[in-house]
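Structure, as structure tokens:
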There are 2 protein chains.
Amino acid sequence: MTKKSPARTPRITIREVASDAGVSVAAVSKVLRDAYGVSEALRAKVQASMEKLNYRPLASARGLRGRTYTLGLVFPDLRNPFFADIFVGVNAALERTQYQAMQGVSVSASSLVEAMIDRQMDGLVLIGPNETNARLNDIADRIPLVAIGHHDIEEARFDTVNNDDQLGARLAVRHLCQNGHKKVAMLSLAAPVSTVINQRELGYRLEMTEQGLGTAINIVRAPQVLRDVQLTVRRLLESRDRPDAIFCWTDLMAFEAISVATELELSIPQDIAIVGYDNTVFCEFAQNRLTSIDQSGEVLGLQATRLLIERIDGRSHSEHFVVTPRVVARASSAKAG
Amino acid sequence: MTKKSPARTPRITIREVASDAGVSVAAVSKVLRDAYGVSEALRAKVQASMEKLNYRPLASARGLRGRTYTLGLVFPDLRNPFFADIFVGVNAALERTQYQAMQGVSVSASSLVEAMIDRQMDGLVLIGPNETNARLNDIADRIPLVAIGHHDIEEARFDTVNNDDQLGARLAVRHLCQNGHKKVAMLSLAAPVSTVINQRELGYRLEMTEQGLGTAINIVRAPQVLRDVQLTVRRLLESRDRPDAIFCWTDLMAFEAISVATELELSIPQDIAIVGYDNTVFCEFAQNRLTSIDQSGEVLGLQATRLLIERIDGRSHSEHFVVTPRVVARASSAKAG
DNA sequence: GCAAAAATGTAGAACGCTACACGTAGAACA
DNA sequence: TGTTCTACGTGTAGCGTTCTACATTTTTGC
């Protein structure tokens with residue numbers, strides 16, 4: 001079935017660079033890799049030839065012996081603009097390095113990770129992985145790994161970068177309480193495994209208790225799907241004893257909450273206050289004016305990438321970086337009245 | 001500087017599969033590639049061994065001789081959820097094939113394309129490329145290429161998949177006119193090159209003229225940046241002779257328009273009607289209720305991928321697939337009164 | 001039955017690069 | 001002067017696949 005493609009211009013190889021520069025192939029390779037034992041004169045000669053011939057090393061060939069200079073980013077989905085912030089951070093960290101990031105979106109569980117290992121990524125950044133520690137350790141045994149958004153670091157053979165989700169949740173609740181809201185519900189995510197969810201829910205519970213609102217604790221969970229979120233919110237807002245505030249798992253969920261509230265002709269924040277998480281760009285829009293917890297995705301991405309490169313370069317003990325979240329207050333959580 | 005990483009379990013290679021199955025390496029390779037000349041018995045034997053050993057072919061090694069079974073998707077940015085729709089389509093097309101998609105976000109112009117060629121992608125899908133035809137042809141000479149959102153197909157040595165942007169713009173204007181809006185402005189994008197922008201602006205002009213509103217033609221352009229869009233919209237809405245409707249380049253821009261209008265205490269659609277493009281999920285939200293032109297990203301992604309695989313398999317003449325857009329009417333463009 | 005054709009399997013040379021193991025030359029030291 | 005270092009280059013064996021060419025067996029045609 002496989003026919004021949006039209007002939008394409010063949011690539012410049014390391015051999016041609018070597019012969020053009022009048023040096024050995026090994027010498028060119030050394031220059032390429034910044035390896036030890038190269039004189040300035042030789043480096044200059046080789047670099048001139050590379051430039052002249054417009055040489056670009058072929059990643060597959062490099063990968064077969066050494067590294068591919070490619071990092072894999074695994075996103076849980078593409079709809080949340082928060083991930084774009086992380087991506088910005090990753091790219092900032094990659095500036096002035098030879099590395100390139102390739103993204104994938106984990107459609108079917110962990111098959112993407114396998115695909116990336118098959119493709120010889122030098123390392124992986126998993127963003128919000130729904131995986132157990134054991135499973136992550138398995139992966140880490142095969143490829144340098146950093147997880148963003150995974151709190152279980154016991155015996156972890158990989159690095160993690162997190163915002164303090166427990167604190168984030170506490171800040172949200174505290175902020176709402178300070179603004180006079182009492183019956184704070186939490187709209188959480190119904191997902192198989194997630195240490196992030198656990199932390200947020202824990203923070204919510206602890207802070208509610210601390211605020212003397214232990215009896216008002218109310219966690220409802222919805223799957224990521226649009227319909228389900230709306231149904232869940234609607235049920236919550238129409239319930240006999242409606243909360244006066246909702247702390248949402250994500251800005252995206254919060255926007256849906258705003259939508260449902262608007263449909264029910266409840267006014268925000270008078271009838272119902274809303275707080276999101278991630279401080280996405282859309283929070284700023286006048287139709288949302290959503291108070292949100294900022295976990296600075298850019299920093300998360302930057303640090304994760306930094307750690308990953310360190311790990312590729314040989315570090316074997318685990319490091320765990322934590323960002324302190326902060327409240328960005330907007331109208332959606334203003335004083336009740 | 002490069003230290004040794006902790007020893008990782010070595011991979012299963014084709015050789016081990018061959019020896020386990022008691023056949024030659026070449027035979028295993030044939031099975032892997034569905035090549036001609038393999039008996040059922042042999043195939044079964046080999047597949048059993050592959051399963052048993054959990055063998056996965058290494059893409060780098062394959063790439064050195066044949067293909068990597070990897071397709072590269074190049075997105076212009078990560079913030080627009082419309083791209084998630086395209087991605088869904090791509091994945092649908094990849095189901096039951098050996099191919100895997102890897103995404104990249106084009107930060108610095110075309111350097112990502114080079115990086116993907118270096119990494120031996122079998123083909124590329126460029127989404128909304130800001131490139132000239134000549135430049136795209138250059139790329140197409142080096143790698144199978146499909147562009148989504150590029151209308152200049154003259155002498156194109158690549159395939160394209162588009163929605164009919166000219167029609168889309170006409171539909172938007174027509175819809176607004178039918179609902180009694182007359183002074184329809186267009187909020188367009190200030191970008192270096194884009195045949196998509198040209199088509200939309202052309203459609204807008206033509207339809208305005210056809211509706212007898214030639215004198216009301218008013219195109220303002222803003223760069224993608226948040227601040228600039230808001231400034232532009234604000235200027236437009238505060239101008240002496242304010243339009244009564246805005247047709248926006250993108251839902252994202254439309255949401256910003258809604259934001260500015262809300263801030264100015266203009267009501268939608270009474271004071272100002274708004275129409276977007278892409279029919280993103282957020283359009284449905286009650287705080288937006290945004291009328292939008294649907295160009296079915298899923299179909300775009302699916303078709304692009306289909307064409308790309310055909311092209312990889314040897315097709316050399318160009319094909320151009322066009323999707324017909326449709327209006328999805330919501331409150332933001334309802335009758336003026 | 002026998003030649004020709006088709007089907008099935010194998011050997012082994014690439015693919016472009018890295019990294020190990022060396023070779024050489026000059027400097028430093030005694 | 002010889003010996004030991006150090007710095008700098010080179011030759012070349014793979015890395016894990018694919019694919020061409022060929023060898024062998026089976027089927028077909030008459």
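So you know, we letter chains A, B, ... as the sequences are listed, proteins then strands, and number each from 1.
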Tell me: CD of B:Q120 to C1' of D:dT18, nearest whole Å?
13 Å

Tell me every residue that passes side chain to side chain donor-acceptor pair (under 3.5 Å) with A:S194, counting only those two or more places apart in sequence or in another chain.
none

Closest to the B:R15 side chain, choosing from C:dG9, D:dT17, D:dG9
D:dT17

Distance check needed: D:dT26 P versus B:L42 CG, whole Å only.
15 Å

Cut-off 3.5 Å, no hydrogens considered: what does the side-chain donor-acceptor table look like for residues 97-105 of chain A, sequence neighbours left out?
| unit_1 | atom_1 | unit_2 | atom_2 | d |
| --- | --- | --- | --- | --- |
| A:T97 | OG1 | A:L94 | O | 2.8 |
| A:T97 | OG1 | A:Y99 | N | 3.1 |
| A:Q98 | NE2 | A:L32 | O | 3.3 |
| A:Y99 | OH | A:R67 | NH1 | 2.7 |

Expressed as a whole number of angstroms, how long is the span from A:I14:CD1 to D:dT12:P?
16 Å

Got a list of side-chain donor-acceptor pairs under 3.5 Å for residues 53-63 of chain A, not counting sequence neighbours?
| unit_1 | atom_1 | unit_2 | atom_2 | d |
| --- | --- | --- | --- | --- |
| A:R56 | NE | B:D118 | OD1 | 3.3 |
| A:R56 | NE | B:D118 | OD2 | 2.8 |
| A:R56 | NH2 | B:D118 | OD2 | 2.5 |

Are B:Y36 and C:dA7 close enough that a side-chain N or O sits under 4.0 Å from OP1 or OP2?
yes

Does B:T13 place a side-chain N or O at less than 4.0 Å from the phosphate oxygens OP1/OP2 of D:dC15?
no

Short of 4.0 Å, heavy atom to strand atom, which residues of residues 47-65 of chain A count as contacting DNA chain D?
A:L64, A:R65

Using a heavy-atom cut-off of under 4.0 Å over every strand shown, decide if A:R33 touches base, sugar-phosphate, or nothing.
base

List, with names and distances, any nitrogen or oxygen atoms from the protein found under 3.5 Å away from nitrogen or oxygen atoms belonging to nucleotides 22-24 of chain D.
none

With a 4.0 Å cut-off on N to O distance, would you call B:R142 and B:E114 a salt bridge?
yes

side-chain contact (heavy atoms from CB on, under 4.5 Å) between B:V146 and B:Q303, intermediate numbers included
CA-CA 10 Å; B:V146 179; B:Q303 294 301 329; over 6 Å; no

Using five base pairs at each end, measure the axis-to-axis angle across the helix from C:dG1-D:dC30 to C:dA30-D:dT1 and round it to 10 degrees.
30°

Expressed in angstrom and rounded to an integer, what is the separation of A:I12 atom CD1 from C:dC15 atom P?
15 Å

Among residues 17-32 of chain A, which contact DNA chain D at a heavy-atom distance under 4.0 Å?
A:V23, A:S24, A:A26, A:A27, A:K30

A:D159 (side chain) donor-acceptor with A:E319 (main chain) under 3.5 angstrom
yes

Rounded distance (Å) that lies between atom P of C:dC17 and atom CG of B:D118
10 Å

Within this structure, what is the CG-CG distance for the pair B:N133 and B:N137, rounded to the nearest 0.5 Å?
5.5 Å

To the nearest 0.5 Å, tell me how far A:Q295 CD sits from A:N162 CG.
9.0 Å

Residues two or more places apart in sequence or in another chain: which of them pass salt bridge (charged side-chain N to carboxylate O under 4.0 Å, His left out) with B:E298?
none

Apply salt bridge (charged side-chain N to carboxylate O under 4.0 Å, His left out) to B:E40 and list each qualifying residue two or more places apart in sequence or on a separate chain.
B:R43

Using a 3.5 Å distance criterion without hydrogens, assess whether the side chain of B:D122 forms a donor-acceptor pair with backbone atoms of B:Y69.
yes

Could you state the atom-to-atom distance from CZ of A:R11 to P of C:dG16 in whole Å?
9 Å

Hey, could you give me each pair passing side chain to side chain donor-acceptor pair (under 3.5 Å) that has a residue in residues 26-35 of chain A? Not counting sequence neighbours.
A:S29-A:R33

Sequence-distant partners of B:F158, ring pair (Phe, Tyr, Trp, His ring centres under 6.0 Å), two or more places apart
B:H150

Pairs under 3.5 angstrom only: tabulate donor-acceptor contacts from the side chains of residues 74-86 of chain B to other protein residues two or more places apart or in another chain.
| unit_1 | atom_1 | unit_2 | atom_2 | d |
| --- | --- | --- | --- | --- |
| B:D77 | OD1 | B:R79 | N | 2.4 |
| B:D77 | OD1 | B:N80 | N | 3.4 |
| B:R79 | NH2 | A:D85 | OD1 | 2.2 |
| B:N80 | OD1 | B:F82 | N | 3.0 |
| B:D85 | OD1 | A:R79 | NH2 | 2.2 |

